[in-house]
Amino acid sequence: MRPTPRKALATSALALAALAAVSLPATPVAAAPEKATTAAAACTPAQVVAGGDFESGTSAWTPSSTSVITSRTGQSAHGGTAFAWLDGVGSTHTDTLSQSVTIPSGCAAATLTFWLHVDSAETTSSTAYDKLTAKIGTTTLATYSNLDKNTGYVQKSFDVSAFAGQTVSLAFTGTEDSSLQSSFVLDDVALNTSGDTAPPADSTRTPVAPSYTVSLTSNTAGTAWTGHESATFTNASATALSEVYLRLWDNYHGTCSAMPITVTNVTGGTAGALSVGCTALQIALPTPLAPGQSATIGFDLGITVPSGADRFGYDGAFSMIGNALPVLAVKDGTGWHLDPYTNNGESFYSLAADFHVTLDHPTTLLVPATGASVDTAGSSGRTITTATAAKVRDFAWAAGPFSKISGTSTAGTPINVYSVSGISSANAQSMLTTAKTAVDAHSARFGAYQYGELDAVIDNNFWFGGMEYPGFVLDLVSTTALTHEIGHQWWYGIVGDDEYNSPWLDESFTDYATDLALGKTGSGCWSSVSWASSAEKITNSMAYWDAHSSRYSTVVYGYGKCALHDLRRLIGDTAMANLLKSYATSHWYGVSTTAEFKAAAQAATTTDLTSFWTTHRIDG
């Protein structure tokens with residue numbers, strides 16, 4: 001979040017006199033028969049798979065045995081506790097799992113998605129001994145094997161709109177040969193239909209499953225860092241990948257002739273030209289990376305932190321280092337997402353990744369960071385902070401002689417509050433209390449907090465109200481602002497989105513979550529809505545809001561959360577609570593789109609929501 005004057009949680013948050021309490025604001029896809037051309041207006045959006053999270057057991061599914069849908073040890077769920085485990089016996093064996101689904105007619109889009117983890121003891125790199133086949137009706141969508149084994153879940157996606165108007169069997173069949181087990185683990189199966197043209201689903205977003213390894217050493221002040229970074233990634237698309245792009249976001253804060261972020265000595269590829277204000281660096285791969293294959297690039301990295309109390313900047317002795325590590329850009333059916341940096345909000349669109357970061361710094365500096373951190377002694381007068389984080393979209397840290405207090409929320413989340421000089425102990429303690437309450441409130445509504453510990457850096461000199469990173473937030477002394485930033489751990493962190501093109505999916509949802517956590521009902525807030533033009537919509541991109549910056553916080557934060565309050569009143573409190581929790585679960589570590597949320601909302605009620613979306617200007 002970037003608040004006043006550029007970002008705020010709601011219109012009421014613009015009262016500068018109250019700033020201290022400001023309310024801040026894949027696997028190849030098999031060819032399918034040609035798509036039906038029925039008009040989208042006839043579509044009734046729905047999510048038609050029942051029990052796709054397997055938490056309700058076999059009630060909606062027909063498994064070959066009672067052990068297929070399980071929560072037993074040996075494998076783990078993508079979300080929740082239950083999952084479907086086919087095979088894993090290590091001898092000649094077949095498991096099946098099926099469900100009859102009816103796909104509504106007239107929908108422009110019908111997309112089947114599921115999360116798959118392949119765990120195999122097979123050692124071959126060339127022979128598919130054990131196989132999993134996914135079918136809809138009599139059409140085989142894909143076949144996976146022991147050659148697809150991986151360390152975690154990967155989401156698969158298929159266009160099944162050709163089956164609109166039909167009732168068909170959705171079936172998975174796993175077969176093993178006589179030796180060496182292969183486990184095919186499924187979770188969060190969904191089939192969403194929509195009358196809108198949705199962007200490509202997660203399986204066509206690439207590169208996936210990035211793993212970043214970083215080792216940096218700082219100067220005495222913590223304002224300059226040098227070292228090395230490597231990134232390992234997999235091509236999930238159905239076509240070969242000849243290049244990748246690194247986003248050097250913080251070069252926005254300098255010039256192309258004096259860049260705060262420098263990348264040199266690239267290995268595993270050839271550095272091309274910098275573009276988009278020197279925030280995008282092309283890396284040409286030595287040979288095209290085939291679908292399902294992985295590669296690693298490495299480079300030397302230099303970071304120079306500029307002066308300024310910003311998400312990337314130093315405030316006196318305290319450095320805030322957000323968005324400084326280069327991360328891989330996302331490519332999908334529309335091409336590479338190389339949007340410009342926005343200082344009005346966020347442009348940071350990335351897929352869930354693992355980070356292992358080693359930071360060598362003077363012992364006089366505390367270094368809060370994303371993930372779980374361990375400090376060990378370095379050379380004379382220095383400390384090495386090693387931070388590890390799984391399934392996060394970015395990594396941020398700070399460095400300075402902070403005052404630190406710690407505690408644990410009622411539900412067990414460790415929380416650290418780091419304060420710059422000038423923050424009273426009473427205010428620090430208040431922020432610790434707020435963080436404990438907020439993390440538990442959001443966890444109860446959307447699913448357990450995923451990032452281990454939570455670090456909050458408090459500085460009243462920030463010109464913005466707060467800024468979110470996984471497991472790490474920057475904030476003023478403000479109960480509302482901190483509750484909002486912690487809400488972003490779910491809405492952007494766990495449930496990702498394209499922050500440049502769909503900012504409402506993280507900001508409106510987080511502001512709505514903030515209201516709920518603080519006991520605010522949003523009663524009557526839509527009555528104050530007044531559109532500035534016919535082009536103004538809640539779902540507009542940052543390109544629009546950068547050109548209409550005075551309206552950004554009012555519409556995206558204020559009108560956006562009010563629309564969600566109105567949706568809750570329309571479909572009912574229980575239905576809305578179930579909708580958001582199940583939606584978060586089905587998009588856990590994935591990417592949300594407006595079309596997908598609209599389809600999920602429609603599936604949660606018998607009320608036709610067409611006029612609701614029109615009235616509230618929610619397009620997509």
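Keep in mind the model is a prediction, meaning the values are calculated, not measured.
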Would you say W504 and T594 are linked by a side-chain donor-acceptor pair, where the criterion is simply a distance under 3.5 Å?
yes

Compare all side-chain heavy atoms of F462 with those of L474 and state whether any distance is below 4.5 angstrom.
yes

Answer with yes or no whether the side chains of Y349 and R205 bring together a donor and an acceptor at under 3.5 Å.
yes

Check: C525 main-chain N/O paired with S528 side-chain donor or acceptor under 3.5 Å
yes

Can you confirm whether L246 sits close enough to L248 that some side-chain heavy atom of one is under 4.5 Å from a side-chain heavy atom of the other?
yes

For the backbone of W588 and the side chain of H78, can you confirm whether one donor and one acceptor N or O come within less than 3.5 Å of each other?
yes

Could you verify whether a donor N or O on one side chain and an acceptor N or O on the other, from T539 and R617, lie under 3.5 Å apart?
no

Pairwise side-chain contact, P326 with I261, heavy-atom cut-off 4.5 Å (strictly under)
yes

Decide side-chain hydrogen bond (donor to acceptor under 3.5 Å, both in side chains) for E499 and S347; before the verdict, give the C-alpha distance in whole Å, the side-chain angles of both, and the deciding distance to 0.1 Å.
CA-CA 5 Å; E499 292 188 300; S347 303; over 6 Å; no

Output yes when a side-chain donor or acceptor of N461 lies under 3.5 Å from a complementary backbone atom of D315, and no otherwise.
no

So how far is it from S319 OG to D310 CG, rounded to the nearest 0.5 Å?
12.5 Å

Taking the side chain from H442 and the backbone from F446, do they hold a donor-acceptor pair closer than 3.5 Å?
no

Would you call the rings of F348 and W249 parallel, tilted or perpendicular, taking 30° and 60° as the class edges?
perpendicular

Within a strict 4.5 Å, meaning less than it, do heavy atoms of the Y492 and D394 side chains meet?
yes

Might you point out which heavy atoms bring L301 and E229 nearest each other, and give the distance in Å?
CD2-OE1, 3.6 Å

Would you confirm whether R568, through its side chain, and T521, through its main-chain N or O, come within 3.5 Å as a donor-acceptor pair?
yes

Indicate whether the side chain of Y589 and that of Q450 have a donor and an acceptor atom separated by less than 3.5 Å.
yes

Closest contact, heavy atoms only, R393 versus S350:
O-OG, 2.6 Å

What are the two closest heavy atoms between G57 and I69, and how far apart are they?
O-CD1, 3.6 Å

Under 3.5 Å, is there a donor-acceptor pair linking the side chains of N578 and T574?
no

Got a second to check how far T363's OG1 is from R382's CZ, nearest 0.5 Å?
8.0 Å

Work out which heavy atom in L365 is nearest to a heavy atom in A399; give both atom names and the distance.
CD1-CB, 4.4 Å

Quick one: CG on N323 to OG1 on T279, what's the gap to the nearest 0.5 Å?
11.0 Å

Please find the pair of heavy atoms, one from T342 and one from R311, that lie closest to each other, and give the distance.
O-NH2, 3.1 Å

Using a 3.5 Å distance criterion without hydrogens, assess whether the side chain of T510 forms a donor-acceptor pair with backbone atoms of E507.
no

Is a side-chain N or O of S549 found less than 3.5 angstrom from the main chain of D546, in a donor-acceptor match?
no

4.5 Å side-chain heavy-atom contact, F509 and D497
no

When you measure from the side chain of T434 to the backbone of T479, do you find a donor-acceptor pair of N or O atoms at a distance under 3.5 Å?
no

Aromatic rings Y341 and Y252: how do their planes relate, parallel, tilted or perpendicular, breaks at 30° and 60°?
parallel

Under 6.0 Å between the ring centres of F472 and W397?
no

Side-chain heavy atoms of V214 within contact of H356, under 4.5 Å
no

Within 45° of the ring axis of W85 and under 6.0 Å from its six-membered ring centre, is that where the NZ or CZ of R72 lies?
yes

Would you check if the distance from the ring center of F54 to the ring center of F83 is below 6.0 Å?
no

Would you say S443's side chain and V439's backbone share a donor-acceptor pair under 3.5 angstrom?
yes

Compute whether any side-chain donor of one residue and acceptor of the other, for S419 and S403, lie under 3.5 angstrom apart.
no

Using the ring of each side chain (for Trp, its six-membered ring), is W225 parallel, tilted or perpendicular to H361, with breaks at 30° and 60°?
tilted

Do V477 and I423 touch side chain to side chain, with heavy atoms closer than 4.5 Å?
yes

Any donor-acceptor N/O pair, D455 side chain to A369 backbone, under 3.5 Å
yes

Which is it for I538 and S508 under the side-chain contact (heavy atoms from CB on, under 4.5 Å) test, yes or no, and what are the steps along the way?
CA-CA 9 Å; I538 289 173; S508 300; 4.3 Å; yes

So CG of L216 and CG of L325: to nearest 0.5 Å the spacing works out to 6.5 Å

Less than 6.0 angstrom separating the ring centers of F395 and Y469, yes or no?
no

Measuring only between side-chain heavy atoms, which start at C-beta, is P306 closer than 4.5 Å to Y314?
no

Minimum heavy-atom separation for R569 and G522, please, with both atom names.
NH2-O, 3.1 Å

Under the side-chain hydrogen bond (donor to acceptor under 3.5 Å, both in side chains) test against S409, which residue among D440, T433, T437 passes?
D440

Going by distance alone, is a donor N or O of one side chain under 3.5 Å from an acceptor N or O of the other, for N501 and S541?
no

Is there a donor-acceptor contact under 3.5 Å linking the side chains of Y583 and S592?
yes

